[in-house]
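Written out below as structure tokens is the structure these notes cover.
Source: prediction; values computed, not measured. Within every chain, numbering begins at 1; the chains are lettered A, B, ... in the order of the sequence lines, protein sequences first and strands thereafter.
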Amino acid sequence: MRVRGGQEAAQDKETSLDSDEERGRRGLRQTTLLDYMAGPAKPKKPEPPPTLHREREPESKYQNTLPETTGKEPASMSLRRNQPSSKHEEYNSESGDVRGLTLEPSPQSELSDDDVILELVREPWVESVRGYLLDVRYDGSLGKAVLMLYDPSSGSLVKWADRTGHKPYFLTDARPEDLRAAGVDVSHDESFLQYDLVEKFHPIDRKLVKLTKIVVSDPLAVRRLREKVSSAGFSVWEADIKYHHNYIFDRQLIPGILYEVGGVRIVHTLPLEMDDATRIVDEIFREEPREVRERAREWLRIFEAPPPKLPLIAFDIEVYSPIATRLPDPSTAPYPVISAATADSSGRSRVVLLYRDGVEFTEGALPEGTEVEIYDSERAMLLDLVRILQRYPLVVSFNGDNFDLPYIARRLEVLGVPREFAPIELKQDYATFRRSLHIDLHKLFGIRALQVYAFGNKYRELSLESISRALLGKGKVELKAPVSELNLNKLIEYNLQDARLTLELLTFSNNLVFNLIIMVMRTSKLGIEDITRSQISNWIRGLMYWEHRRRRWLIPSRGEIEKLSSAGARVGAIIKDKKYRGAIVLDPPVGIFFRVLVLDFASLYPSLIKQWNLSYETVNNPNCRDTIEVPEVGHRVCREFKGISNEIVGMLRDFRVRLYKKKSKDKSLREEERLWYDVVQSAMKVYINASYGVFGSEKFSLYSLPVAESVTALGRAVLRGTLEKSRELNLHIVYGDTDSLFIWDPPKDVLNDLVDYVERTYGLELELDKVFRAILFSGLKKNYLGITEEGDIVIKGMVAKKSNTPEFIKDEFSKAVKILSKLEKPEDVEAILAELRDHINTVYNNVKKKVYTLDQFAIKVMLSKNPREYDKNTPQHVKAAMLLQRLGLTLSRGDIVYYVKTRDKLGVKPVQLARLSDVDPGKYVEHVKTAFEQMLMAFGISWDDISGVRKLDRLLFDS
DNA sequence: ACAGGTCTATTGTAAC
DNA sequence: GTTACAATAGACCTGT
């Protein structure tokens, strides 16, 4: 039998690390392996039925090891806990007895306080393990990098402290004697370890350079010494890379895959080359050089490795608050946590409650299969909660970084638990557990690239409610009273629902989101806690840095890349508020067109990056002789060597287009495999779509304006060239935007000519995207309505489709669209127009008569900043927000304000304060007008031309 | 002083 | 990341 999770090793390690004090305590009662493993983390083991579940009791000896509480609670009560879940039926029938029961001491004790403490402070160190690498941390007290691995054989997370002797360092062009001569002899620094002479390839200078590696014992010393060295006029490199990242890059680790760690070796266990893998890769990359094909084979093994399945637990806490609308401040944690719910991936759910005078159970049933416990002592409750959470390798929260974790941590301090017994680590911008990993879904779903490319902009607000509504089709439990005033049944129901939603957001659709995270970790080479908290530019940075290290390339400094930027021809006129020129949007016609085909360039920008060898070191590099000029902007792209960005982007693009898009739809594969491949291709899509954007963003460490500028310039050239060719071929292009062309009723063979031309001339793939049976153009850019051959309706950019358009307009507009969808041939136009006219007349009258509800009149607009930060002017939604704030409601950045337009002087009112009689119909007529006009314009008529409307308007105005 | 007009800037949302 | 649109705020001008 296998050693379980290296637990034996863990014991050894503990002995060596423990202080005398801790050893002594363990002497009291040795925690058995079983105690530790008995947690719910073992997915296979069936859970005991709730009635058999018995919590360990009592906690009277707690005081021996933990300091006295601040005296807020009477000792006799604070240290005792009631009989748990098994009794909750009794509470139901005799709620009046809750108090009596809570004071009843339990007859049995299974776990002493020492065990509780031990479990809280113990760290699962191992010397060897076979497990999935999930993250790397830096442990300050050890002064070492620590691998966090999930061991599937024990179902738990283990830690492995570095034994490879890796140390923090940075690079400089100064030799040790130069530093001495310049009076910055860093070797006297207390953290200094040694100088190493290293040779690296400089990607811009295109030659090997000899550098001094200043090795230190402490990552903080890097920052300190870097300042010294650079202020003496020397160049420094790679000094701003976080140490735990440096460790991953240097050891060439791939988070998210299975490793065997032991001794000083960290070896991945990727599946050996599958027979057909070589064949597939050779086929896809047959035109690439040998090294690229070899790289591709390694990538393939990473993508093909199945994702880990690990036990997850989601949790959420509810805190008492005297002011219903305000959450207590986690930095002071002044009020008690009254409830905490957990839901795990094996289907188990628990709620722990704090006993409060006068707050009782009601008749209603409790959620099925849920273990409920009431505590007299908040401290015991929180410690138990943390203990349970820490048994899982991965804890999930919604906003845990900014609320739940800091609150619990601070609250435990307030309750007299010393910091070292509360295994929560509050980092600079996030919070986690000492022994578990933590994902905050609020941060994860706030990553814009995911929002847009992975979730198709389905949710707008970053709240648990709106995200789960959009992705799971269900929301939070609706409350009629503030959390602090709920009876216990409702509190349990509400709290638990939040925990369950949180869990489900990660696990729905066969672990879609979790698997996506794993895939992104593997690609970016960053740990799970980094990936889930950083924007895509950091993901790409991880991948690029890792790749630089693999090639033994020096990672250039911002300044070095910046220099190439100014070396460029730079002819483009400076555009106001913009850094560079973007894409072309063709002027659309006004009218209705039948049989319009849409062609688009498959991943235009990434393809251009690949085809044109665009990378920070290939554009405007003076160390390259053989260059080719980018039209319009005049940047010169190197042809002598292959760039790093385009190689990576090109590889991901090819994998996606040629392999994984197909695999995700391959019916011969098992459902689970297909879903995985869909995740793989989605992750690649996120990457390649962002690959162009990051070069134009200062936040990206390899920021290169010439690259971004060249991409868009080439995009324009390609679109223009294709347009010209279309004219030659007598194709009628009606519209186009960035990478698409709308062609009116083309002969089929001519279309093929165009596709061939694009392939030949630009090496790009032009694909048929859609065929519209009919399409309406309003004459506005990015604004059309089409009906495809299959009868699907495609609406782009129209006012009626925008999220800030009142609901009734959307409803009425979609009725109009239904009428329109009958449109098949030109002869239908007249009849349909007549029908539309009727409908619009009705709508007009309905608005004037206000037949809609207040909610339907609501305009929903997001606050892009906190209300007080609007200093230039005060938009309507901000005015409405301020009215709400006067009532004590706090509104902040990211919140959506619902308001109606009113007749009073201010002109707006939040829906919460408005009545239907406040609504100004005249202002809504204007709104309706713009919405429908975008449809009517295609028919060649304007709003005023709709007969009757004008008459009615006058009539109503006159009266 | 102020109503009503023009013009520009700000803001939010969407397409790509 | 840029391009594009709608709605509106606020500055400025003009006529009374």
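- Rounded to an integer number of Å, the gap from A:Lys860 NZ to B:dA14 P is 11 Å.
- Contact check, A:Ser803 against B:dG12: no side-chain N or O comes under 4.0 Å of OP1 or OP2.
- The side chain of A:Lys781 places an N or O atom within less than 4.0 Å of a non-bridging phosphate oxygen (OP1 or OP2) of C:dA4.
- Not one side-chain nitrogen or oxygen of A:Arg460 sits closer than 4.0 Å to the OP1 or OP2 atom of B:dG12.
- For the pair A:Glu461 CD and B:dG12 P, the computed distance is 14 Å after rounding to whole Å.
- Ring geometry for A:Phe813 versus A:Phe932: interplanar angle of 30 to 60°, hence tilted.
- Side-chain rings of A:Phe695 and A:Tyr703 stay apart, their centers remaining 6.0 Å or farther from each other.
- Across all strands shown, A:Tyr870 has heavy atoms under 4.0 Å from sugar-phosphate atoms exclusively, and none from any base.
- Judged by closest nucleotide on DNA chain B, A:Asn804 is the one of A:Asn804 and A:Thr738 placed further toward the 5' end.
- Taking atom CD of residue A:Gln876 and atom P of nucleotide C:dA6, one finds them 17 Å apart after rounding to whole Å.
- Using a 4.0 Å heavy-atom cutoff across all strands shown, A:Ser740 reaches no nucleic acid atom at all.
- For the pair A:His877 and B:dG12, the criterion of a side-chain N or O lying under 4.0 Å from OP1 or OP2 is met.
- Of the side-chain N and O atoms in A:Lys901, none sit less than 4.0 angstrom from OP1 or OP2 of C:dA7.
- Out of C:dA9, C:dT3, B:dA14, the shortest distance to the side chain of A:Lys879 is found at C:dA9.
- Within the 4.0 angstrom heavy-atom criterion, no nucleotide atom of any strand lies near A:Arg716.
- C:dG1 atom P lies 13 Å from atom CD1 of A:Ile540, rounded to whole Å.
- At a cut-off of 3.5 Å, with distance as the only test, no side-chain donor of A:Ser701 or A:Arg558 sits close to an acceptor on the other residue.
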- Message: Assess the residue pair A:Tyr899 and A:Val911 against the criterion (side chain to side chain contact (heavy atoms under 4.5 Å, CB included)); give the C-alpha distance rounded to whole Å, side-chain angles, the decisive distance to 0.1 Å, and a yes or no.
- Response: CA-CA 5 Å; A:Tyr899 69 90; A:Val911 269; over 6 Å; no
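- Here A:Ala708 lies out of heavy-atom contact (under 4.0 Å) with every strand.
- Between the CD1 atom of A:Ile584 and the P atom of C:dG1 there is a distance of 21 Å, rounded to whole Å.
- Between A:Val799 and A:Tyr692, the residue anchored nearer the 5' end of DNA chain C, judged by the nucleotide with its closest heavy atom, is A:Tyr692.
- Among the atoms of the strands shown, only primed sugar atoms or phosphate atoms (P, OP1, OP2) are found under 4.0 Å from some heavy atom of A:Met862.
- Considering only side-chain N and O atoms, A:Thr930 lies under 4.0 angstrom from the phosphate OP1 or OP2 of C:dA7.
- Among the atoms of the strands shown, only primed sugar atoms or phosphate atoms (P, OP1, OP2) are found under 4.0 Å from some heavy atom of A:Lys872.
- For the OP1/OP2 pair of B:dA15 and a distance below 4.0 Å, the side-chain nitrogens and oxygens of A:Lys801 include at least one atom meeting the criterion.
- Contacts of A:Tyr605 with the nucleic acid, taken as non-hydrogen atoms under 4.0 Å apart, are absent.
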- Checking side chain to side chain contact (heavy atoms under 4.5 Å, CB included) for the pair A:Asp904/A:Lys909: CA distance, chi angles, key distance, verdict? CA-CA 9 Å; A:Asp904 58 2; A:Lys909 243 183 199 178; 4.0 Å; yes
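- As rounded to whole Å, 13 Å separates atom P of C:dT8 from atom NZ of A:Lys802.
- Within the 4.0 angstrom heavy-atom criterion, no nucleotide atom of any strand lies near A:Lys923.
- The six-membered or imidazole ring of A:Phe455 lies near that of A:Phe445, with a centre-to-centre distance under 6.0 Å.
- Going from atom CG of A:Leu599 over to atom C1' of B:dC16 covers 16 Å, rounded to whole Å.
- Comparing A:Asn873 and A:Gln934 along DNA chain C, the residue whose closest nucleotide (by nearest heavy atom) sits nearer the 5' end is A:Gln934.
- With rounding to the nearest 0.5 Å, the separation of CD1 in A:Ile743 from CG in A:Leu754 is 6.0 Å.
- Between A:Lys865 and B:dT11 there is a side-chain polar atom (N or O) within less than 4.0 angstrom of OP1 or OP2.
- With hydrogens and angles left out, the side chain of A:Lys782 and the base of C:dA4 share no donor-acceptor pair within 3.5 Å.
- One finds no side-chain N or O of A:Tyr784 lying less than 4.0 angstrom from the OP1 or OP2 phosphate oxygen of B:dA14.
- When the side-chain nitrogen and oxygen atoms of A:Lys796 are compared with OP1 and OP2 of C:dA4, none of them lie within a distance under 4.0 Å.
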